Amino acid sequence: MDRRGLLGAWAGAGALKTLDTGLGWLPAVLLGVVTAVGGGMVRDIVLRQVPAVLGSSPLYATCALAASSTLVVCAQLGHPTLGLVLAVVVGAGLTLLARKRRWMLPLSANWGALRREGERRARAVRRVRRRRDG
């Protein structure tokens with residue numbers, strides 16, 4: 001059940017509790033994500049599964065980020081109860097949509113190729129500057 005709907009509830013609850021203690025919006029968003037993801041990790045470990053947040057599964061922490069952000073925005077506008085309801089809806093909706101459409105974050109990037117491309121562009125810029133300056 002957690003992967004279907006409770007992710008948003010946990011993210012919202014963590015964010016709301018953080019705001020209630022007097023911390024700002026950024027800690028509230030981050031702790032909302034940690035609350036939701038941490039609970040899911042514990043569940044997966046107890047079930048002897050690889051935690052969903054560690055990859056090869058549809059978006060998980062991203063949905064928690066959206067849900068906790070929704071709560072924080074609503075709470076800042078003075079509607080924390082509405083924010084909690086919307087966090088559940090946003091978390092559940094994004095999680096289900098990500099599963100249905102198989103949305104995933106990339107597992108890794110080819111950092112070596114990106115670095116080489118950056119170095120190549122930097123050399124080209126230096127050549128242009130040398131020609132321009134003389």
Side-chain angles (χ1 to χ4, degrees):
M1 180 64 183
D2 184 47
R3 291 184 185 180
R4 293 194 188 111
L6 294 179
L7 179 82
W10 286 113
L16 187 59
K17 188 67 174 172
T18 304
L19 290 173
D20 286 344
T21 62
L23 294 174
W25 66 270
L26 185 59
V29 170
L30 294 176
L31 287 171
V33 172
V34 168
T35 302
V37 170
M41 285 184 70
V42 170
R43 179 209 59 228
D44 290 342
I45 290 169
V46 168
L47 294 174
R48 295 183 179 198
Q49 297 175 354
V50 174
V53 73
L54 296 180
S56 71
S57 65
L59 298 180
Y60 193 75
T62 308
C63 299
L65 178 69
S68 62
S69 298
T70 300
L71 179 117
V72 168
V73 168
C74 289
Q76 295 292 331
L77 295 174
H79 303 288
T81 305
L82 175 64
L84 192 52
V85 171
L86 288 177
V88 172
V89 170
V90 167
L94 281 177
T95 303
L96 292 172
L97 194 59
R99 282 197 166 281
K100 181 178 181 180
R101 296 196 175 215
R102 296 185 181 132
W103 289 343
M104 297 177 136
L105 292 176
L107 294 177
S108 65
N110 187 350
W111 296 110
L114 291 173
R115 189 187 79 243
R116 286 189 297 275
E117 178 63 21
E119 290 170 352
R120 185 188 66 76
R121 289 183 182 195
R123 283 191 304 272
V125 167
R126 283 192 297 268
R127 277 194 308 269
V128 168
R129 285 181 181 162
R130 277 193 303 252
R131 288 180 192 156
R132 182 189 64 193
D133 295 338

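Bear in mind the structure is a predicted one, so any value in this text is a computation, not a measurement.
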Rounded distance (nearest 0.5 Å) linking atom [atom1] of [X] with atom [atom2] of [Y]:
| X | Y | atom1 | atom2 | result |
| --- | --- | --- | --- | --- |
| Leu65 | Leu94 | CG | CG | 10.0 Å |
| Trp25 | Thr18 | CH2 | OG1 | 13.5 Å |
| Gln49 | Ile45 | CD | CD1 | 11.0 Å |
| Lys100 | Leu97 | NZ | CG | 7.5 Å |
| Tyr60 | Leu7 | OH | CG | 5.5 Å |
| Ser68 | Leu30 | OG | CG | 8.0 Å |

Lys/Arg N to Asp/Glu carboxylate O, Glu117 vs Arg120, below 4.0 Å
yes
Quick one: list whatever passes side chain to side chain donor-acceptor pair (under 3.5 Å) with Arg101, sequence neighbours left out.
none
Shortest non-hydrogen contact between Gly8 and Ala67, atoms and distance
CA-CB, 3.8 Å
Please name the pair of heavy atoms, one in Gly12 and one in Ala87, separated by the smallest distance, quoted to 0.1 Å.
CA-CB, 4.1 Å
For residues 123-134, please give each side-chain donor-acceptor pair under 3.5 Å, one per line with the distance, not counting sequence neighbours.
none

Mind checking whether [X] and [Y] sit in one hydrophobic cluster, side chains of I, L, V, M, F, W, Y counted as touching below 4.5 Å?
| X | Y | result |
| --- | --- | --- |
| Leu19 | Leu26 | yes |
| Val90 | Leu6 | no |
| Trp10 | Leu86 | no |

Just list the side-chain donor-acceptor pairs under 3.5 Å for residues 70-81, sequence neighbours left out, or say none.
unit_1 : atom_1 : unit_2 : atom_2 : d
Thr70  : OG1    : Ala66  : O      : 2.8

